[in-house]
Number of protein chains: 2
Amino acid sequence: MEQPRPELIPIPAVRRLSLYLRQLEAFKRKDRRTISSKQLGESLGLTDAQVRKDLAYFGQFGHPGIGYRVEELIAQVRHILGTDKTWNVLLVGAGNLGRALLAYKGFEAKGFALAAVFDNDPSKFGKKIGQYTIQPLSELSDTISKQLIRLAILAVPADVAQDVADQLVEAGIRGLLNFAPVSLTVPADVALNAVDLAVQLEQISFQVSLASLGRSPAASSSSPTPADDGR
Amino acid sequence: MEQPRPELIPIPAVRRLSLYLRQLEAFKRKDRRTISSKQLGESLGLTDAQVRKDLAYFGQFGHPGIGYRVEELIAQVRHILGTDKTWNVLLVGAGNLGRALLAYKGFEAKGFALAAVFDNDPSKFGKKIGQYTIQPLSELSDTISKQLIRLAILAVPADVAQDVADQLVEAGIRGLLNFAPVSLTVPADVALNAVDLAVQLEQISFQVSLASLGRSPAASSSSPTPADDGR
DNA sequence: GGATGTGAATGCATTCACAGCA
DNA sequence: TGCTGTGAATGCATTCACATCC
């Protein structure tokens, strides 16, 4: 009955929650009505116990003997993640990456709506990208309060990223997704996640180097294995 | 003296290694010659003990009383990650995201070189993007063996991602960075990392929801805190 | 003094294994 | 029987604290 104290929820469990949601939506598209922890786990390369434990951190969603009802669990997970309502998201940086993110249509279905685009290059001010007009950073506070924006995506060059982040926080942004290859400093009450392409490639480089070297004499093992995901 | 067995290296330590490298390169640009575990840790929001333990998994790189010599440690970490040599990387998917990745110039400096671009849309075959000519997937094996490519970036729509991944593996790719929002299945000896934009935003949504709700009466805490990074 | 490298202690996260419900 | 939810047991990762070296 009691909601579990958020403090004791493992961060990895929250990350997996997003993956469960993605799988559940895929199962729903295939008209699956219910799913067991075993099946959901297998689709992600996880054990059934892991799936049950993760979900149990947030409440009791399953039905003994049945499993989880797909549609019901989707609604629950969306509610937990906060994506049952739509978030307005602001983008800073109208370079290549920024424009690609703008063009990506997958957001809306996931509960995020691009609401405004900013850049610090005066030559871009007023120009339109699709439906969006590029605004100068000086209009940040205004736009944020008028459109109730709380989340921002940062797709600016590394050398200005901290400066822009500071302005965003100052203007009231509560969560930040950083694509610039630098480590940002923000107040403790501002959520921060980072995606660094080079870091991702380096992780793969490490794994491949390791495999081609060591991996024991039986290096030619290639069982048609389950799925691993971004870590 | 002995190289530590790779099996007992924590995966989180490898992830942080990439972040250490990024910081070290930044310190080098500022002409720092040496750095202590404390300073390196602080720049990333980690403890000194964590930094020392992580680095010690891979060897003895420090100098008691001095710290780590920046340039020396950069070379060591690059060697560990396998980025002291350049990797040829292939891109599949010449859509918005793919083109943005192509345009991103940060790769070379990090040890990765875009070597070829593929798509499965016949109307794109032969077209040029920058210096790259878009090739059909049927030429995968050929190009991979001729240019010695082992890594691939997948920036295709979700519904064809698994199919393309299978072809890449079949053609000899050893590591895969997946941007499609699906969970891929690959053989155990193929390295796989995934970046899903929606998942990243959901994590932030969760954190922000949590903060605005609970976070104890003292919710107005905003100490100008250290850096958190992609998790 | 100022720093590393590292066993030992702690703290988290995962897995096990089973009671209980449909 | 089939499956969940969950304490208890295990296994990893982080932190502590100190011997050691410049």
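Remember, predicted model here, so these are calculated numbers, not experimental data. Letters A, B, ... mirror the listed sequences (proteins, then strands); counts begin at 1.
Heavy-atom neighbours of A/Glu108 CD from other residues, nucleotides or ligands within 6.0 Å: above the threshold of 12.
Spacing between atom CD of A/Gln76 and atom P of D/dG5 amounts to 11 Å, rounded to whole angstrom units. Counting to the nearest Å, the P atom of D/dT4 and the CG atom of A/Leu73 are 11 Å from each other. In this structure, the NE2 atom of B/His63 is 10 Å from the P atom of C/dT4, given to the nearest Å. Spacing between atom CZ of B/Phe58 and atom P of C/dT4 amounts to 17 Å, rounded to whole angstrom units. Taking atom CG on B/Asp48 and atom P on D/dA17, their separation rounds to 12 Å, with Å as the unit. Here D/dT4 presents its C1' atom at 9 Å from CD of A/Gln60, a figure rounded to the nearest Å. Spacing between atom CZ of B/Phe61 and atom P of C/dT6 amounts to 11 Å, rounded to whole angstrom units.
Of the listed nucleotides (C/dT6, C/dC21, D/dC21), D/dC21 has the atom at the smallest distance from the side chain of B/Pro64.
Counting heavy atoms from C-beta outward, B/Gln162 and B/Val182 have side chains that stay 4.5 Å or more apart. For the pair B/Asp48 and B/Leu40, the minimum side-chain heavy-atom distance is 4.5 Å or more.
Nearest approach of B/Ala180 to B/Ala158, heavy atoms of both residues: CB-CA, 4.2 Å. Minimum interatomic distance between B/Phe179 and B/Ala155 (heavy atoms only, all atoms of both residues): CB-CA, 4.5 Å. Of all the heavy atoms in A/Gln203 and B/Val14, the pair that sits closest is NE2-O, 3.1 Å.
No donor-acceptor distance shorter than 3.5 angstrom exists from the side chain of B/Gln23 to the backbone of B/Tyr20, with no hydrogens or angles considered.
Contacts of A/Gly65 with the nucleic acid, taken as non-hydrogen atoms under 4.0 Å apart, include base atoms.
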With the criterion being N/O to N/O and under 3.5 Å, what pairs connect the protein with nucleotides 12-16 of chain D, and how long is each?
unit_1	atom_1	unit_2	atom_2	d
D/dT14	OP1	B/Arg16	NH1	2.8
D/dT14	OP2	B/Arg16	NH2	2.8
D/dT15	OP2	B/Gln50	OE1	3.3

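The existence of a salt bridge linking A/Glu202 and B/Arg22 is excluded, since no basic side-chain nitrogen approaches an acidic carboxylate oxygen closer than 4.0 Å. Between A/Glu71 and A/Arg32 there is no salt bridge, since no side-chain N of the basic residue sits under 4.0 Å from a carboxylate O of the acidic one.
Using a 4.0 Å cut-off on heavy atoms, the residues of residues 24-40 of chain B that approach DNA chain C are B/Ser36, B/Ser37, listed by number.
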